[in-house]
Amino acid sequence: MTLTCLLLFLIHILVVKNSEASNNVPAVIVFGDSSVDSGNNNVIATVLKSNFKPYGRDFEGGRPTGRFCNGRVPPDFIAEAFGIKSTIPAYLDPAYTIQDFATGVCFASAGTGYDNATSAVLNVIPLWKELEFYKEYQARLRSHVGVEKANEIISEALYLMSLGTNDFLENYYVFPTRRIHFTVSQYQDFLLSIAENFVRELYALGARKLSITGLIPVGCLPLERATNILGDHGCNEEYNNVALTFNAKLENVIAKLNRELPQLKALSANAYSIFSDIIRRPSAYGYEVVEKACCSTGTFEMSYLCSDKSPLTCTDAEKYVFWDAFHPTEKTNRIVSTYLIPKLKATFR
C-alpha cells in the first residue's frame, strides 16, 4: 500500500469514526408544554393556539407554525446542535410523515402540565395522552424502519421533557381546588411523583437518554410582573422561590431514577440560572427590554391576544427577552439552548 493510499485509508476511518460519534443521538423526542410545543395545538379544540401572525415571523419563511415564539424553540436548537435537523415537527401536524418523525418528533402541547387538571383548564393534551401518542409512534416507527432499527432509534434517541410552569401559574395559583388539598410543598411533591412515574414508563418503553428541564424564574414573566401591583411590577419572588424549590426536588428525583434504573442517563437541564442572569443583566446579552414582551403592550397578551393587527408590537424582537407575556423570544431560546447544549453533549454523546 502506498503512503498516499494509507493516508486516504486513515482519513476514511477517521471520517467514519467521527460520523459514528456524531450520530450517537439519531433522534430528538419531545414531551411537554408551550416551551417546546412545535404545533400540536393547531389541530385540537383549544383556544390556546399560535398558528397565526405575528407568531413565527422570524421562523423560516416567516410563517407561524404553532410555536409560541417569533421563531424556533429550544428542541430545534438542540436537534441542530446534535447534527440531526434544524426543526422538530409536531406529531399531529399532517404535513409530516413517519419518515420525518424517525429523526425527531414533538408530542408537547401548550398549556399542559404534569397535573391532568392543568391540561383540562384550556382543553389541551394531557401528559398521559402525549405518552399514548408516543406508543403509537413506536408502532409506526417499527413498521417504517423495521423492529431492530426502530429499537435502536428508541434507545439511542435523546428525550426532552419541559413542563411544570402551567401547573402553578395556570392551575395552582389561579383556581382554589388544588390549594384546598395541597400546600405548595405538597403540590410540588405531587407533580414530581407524576414526573417520576412518567419517566419510569418511558424507560419501560425503551428510553435511555433523558433531559428534564425544571422551572425558569416564573415570577419574572411579563404577565406576572404586570399583575404584581403591590410589588411595584417587579418579579414575584414568591413564585421564583417556588421554582427554585421545585428544581431542587427535581434534582433529587433524577438522581434517584439514575440510581434505580440500569442504563438510564437522566440529566437535569436546569435553565433557571442562565435565565435569571439574562433577567438581571439584560444588556450583557444585548437586550434592551426585559420587563415587557415584544407582542402588543407586552404585559398580558399571548395566543389570540397577540394580534398581528396591534400597532404596539415591537419591530425587533432581538431587543426583547420575551416574545409574548409568557414566552421567550427566539434569541432567548437560542441563548438558553447554547448554555445547555454542552451539558447535553457531555452526557449523551
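Everything numeric here is computed off the predicted structure, so don't read it as measured data.
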Any side-chain heavy atom of Ile212 sitting closer than 4.5 Å to one from Val253? no
Work out which heavy atom in Ser35 is nearest to a heavy atom in Pro74; give both atom names and the distance. O-CD, 3.6 Å
Side-chain heavy atoms under 4.5 angstrom apart, residues restricted to Ile, Leu, Val, Met, Phe, Trp, Tyr: same cluster for Leu191 and Leu122? yes
Would you check if Tyr173 and Val184 make a side-chain contact, meaning some heavy-atom pair closer than 4.5 Å? yes
With ring centroids as reference points, do Phe348 and Phe82 lie under 6.0 angstrom apart? no
Atom pair CG (Asp308) and OG (Ser296), whose distance is rounded to the nearest 0.5 Å: 11.0 Å
Measuring from atom CG of Asp37 to atom SG of Cys69, what distance do you get when rounded to the nearest 0.5 angstrom? 12.0 Å
Go through it in stages, so that I can follow the logic: the residues are Phe300 and Leu305, the test is side chain to side chain contact (heavy atoms under 4.5 Å, CB included), and I'd like the CA-CA distance, side-chain angles, deciding distance and then a yes or no. CA-CA 8 Å; Phe300 64 88; Leu305 296 176; 4.2 Å; yes
In terms of hydrophobic clustering (I, L, V, M, F, W, Y; side-chain heavy atoms under 4.5 Å; direct or indirect links), are Leu127 and Val105 co-clustered? yes
Correct closest heavy-atom pair for Ile216 and Ala271 would be CG2-CB, 4.4 Å
Following the transitive rule for hydrophobic clusters with a side-chain heavy-atom cut-off under 4.5 Å over Ile, Leu, Val, Met, Phe, Trp and Tyr, establish whether Val124 and Phe175 coincide in one cluster. yes
Nearest heavy atoms of Ala102 and Ala27, plus distance in Å: O-CB, 3.5 Å
In terms of side-chain heavy atoms, does Asn333 have a donor or acceptor partner in Glu330 at a distance below 3.5 Å? no
I need the His327 NE2 to Leu223 CG distance, nearest 0.5 Å. 10.5 Å
Heavy atoms only: give me the nearest Glu318-Arg334 pair and the separation to one decimal. OE2-NH2, 4.1 Å
To the nearest 0.5 Å, what is the distance between CZ on Phe133 and OG on Ser109? 9.0 Å
Grouping I, L, V, M, F, W and Y whenever their side-chain heavy atoms are under 4.5 Å apart, do Phe322 and Leu48 come out in a common cluster? yes
Cysteine SG atoms at Cys235 and Cys220 closer than 2.5 Å: yes
Using a distance-only test with no angle check, is there a side-chain donor-acceptor pair under 3.5 angstrom linking Thr213 and Ser162? no
For the pair Ser337 and Arg72, evaluate side chain to side chain contact (heavy atoms under 4.5 Å, CB included) and give the outcome as yes or no after the intermediate values. CA-CA 11 Å; Ser337 300; Arg72 292 194 287 168; over 6 Å; no
Take Asn171 and Tyr187, measure what side-chain hydrogen bond (donor to acceptor under 3.5 Å, both in side chains) needs, and give me the verdict at the end. CA-CA 11 Å; Asn171 183 356; Tyr187 191 58; 3.3 Å; yes
May I ask you to decide whether Glu156 forms a salt bridge with Lys209, counting only side-chain N to carboxylate O separations under 4.0 Å? yes
Do Leu221 and Tyr239 come close enough that some side-chain heavy atom pair is under 4.5 Å? no
According to salt bridge (Lys or Arg N to Asp or Glu O under 4.0 Å), who are the partners of Arg57, at least two apart in sequence or on a separate chain? none
Lys49 atom NZ, neighbour heavy-atom count above 12 within 6.0 Å: yes
Starting from the C-alpha separation in whole Å, work towards a yes-or-no answer on ring-ring contact (aromatic ring centres under 6.0 Å, His included) for Phe198 and Phe31. CA-CA 11 Å; Phe198 183 83; Phe31 299 93; 5.3 Å; yes
Under a 3.5 Å threshold, yes or no: a donor from one side chain and an acceptor from the other, between Ser185 and Lys249? yes
Would you mind listing every side chain to side chain donor-acceptor pair (under 3.5 Å) that reaches into residues 276-286, with sequence neighbours excluded? Ser276-Arg280, Asp277-Arg280, Asp277-Arg281, Asp277-Tyr285
Step-by-step side-chain hydrogen bond (donor to acceptor under 3.5 Å, both in side chains) determination, Thr118 to Asp167: CA-CA 6 Å; Thr118 302; Asp167 291 305; 2.6 Å; yes
Rounded at 0.5 Å granularity, tell me how far CG in Leu92 sits from CG in Asn40. 4.5 Å
Counting N and O atoms only, with roles assigned by atom type, does the side chain of Ser38 sit under 3.5 Å from a partner on the main chain of Thr87, one being a donor and the other an acceptor? no
Does the side chain of Gln138 come under 3.5 Å of the side chain of Tyr134 through a donor N or O and an acceptor N or O? yes
Determine, using the 4.5 Å side-chain heavy-atom cutoff (strictly less than), whether Ile84 and Leu210 are members of one ILVMFWY cluster. no
Using the side chain to side chain donor-acceptor pair (under 3.5 Å) rule, collect all pairs that involve residues 194-207, keeping only residues at least two apart or in two chains. Glu196-Arg200, Glu196-Lys256, Arg200-Glu260
Does the side chain to side chain contact (heavy atoms under 4.5 Å, CB included) test come out yes or no for Leu160 and Val28, once each step is laid out? CA-CA 7 Å; Leu160 305 177; Val28 172; 3.6 Å; yes
Between Phe101 and Tyr91, how do the two ring planes meet: parallel, tilted or perpendicular, split at 30° and 60°? tilted
To the nearest 0.5 Å, what is the distance between CD1 on Ile88 and CG on Asp100? 10.5 Å
Okay, side chain of Asn70, backbone of Thr329: is any donor-acceptor separation there less than 3.5 Å? no
Test item: Gln188 side-chain N/O and Val242 main-chain N/O as donor-acceptor pair under 3.5 Å: yes
Partner of Leu158 under side chain to side chain contact (heavy atoms under 4.5 Å, CB included), chosen from Leu267, Ile78, Ile29: Ile78
Can you tell me if Lys53 has over 12 outside heavy atoms packed within less than 6.0 Å of its NZ? no
With a 4.5 Å limit on heavy-atom distance, are the side chains of Pro26 and Glu152 in contact? no
Audit row: Cys295, Cys306, disulfide bond (SG atoms under 2.5 Å apart) steps and yes/no: CA-CA 6 Å; Cys295 180; Cys306 185; 2.0 Å; yes
Is a side-chain donor or acceptor of Asn270 paired with a backbone partner of Gly214 at a separation under 3.5 angstrom? no
Phe275 to Pro217 - nearest heavy-atom pair and separation: CB-CD, 3.6 Å
Taking ring pair (Phe, Tyr, Trp, His ring centres under 6.0 Å) as the criterion, tell me which of Phe168, Phe182, Phe246, Tyr172 meets it with Phe190. Phe182
Before giving the answer on side chain to side chain contact (heavy atoms under 4.5 Å, CB included), spell out for Lys129 and Thr112 the whole-Å C-alpha distance, their side-chain angles and the decisive distance to 0.1 Å. CA-CA 11 Å; Lys129 185 63 175 178; Thr112 202; over 6 Å; no
Do the charged groups of Glu132 and Lys135 touch, with an N to O distance under 4.0 Å? yes
Only one of Asp76, Asp93, Asp58 forms a salt bridge (Lys or Arg N to Asp or Glu O under 4.0 Å) with Arg67, so which one is it? Asp76
Working note: Asn241 + Glu238, criterion side-chain hydrogen bond (donor to acceptor under 3.5 Å, both in side chains); need CA distance, chi angles, decisive distance, verdict. CA-CA 5 Å; Asn241 288 332; Glu238 177 190 349; over 6 Å; no
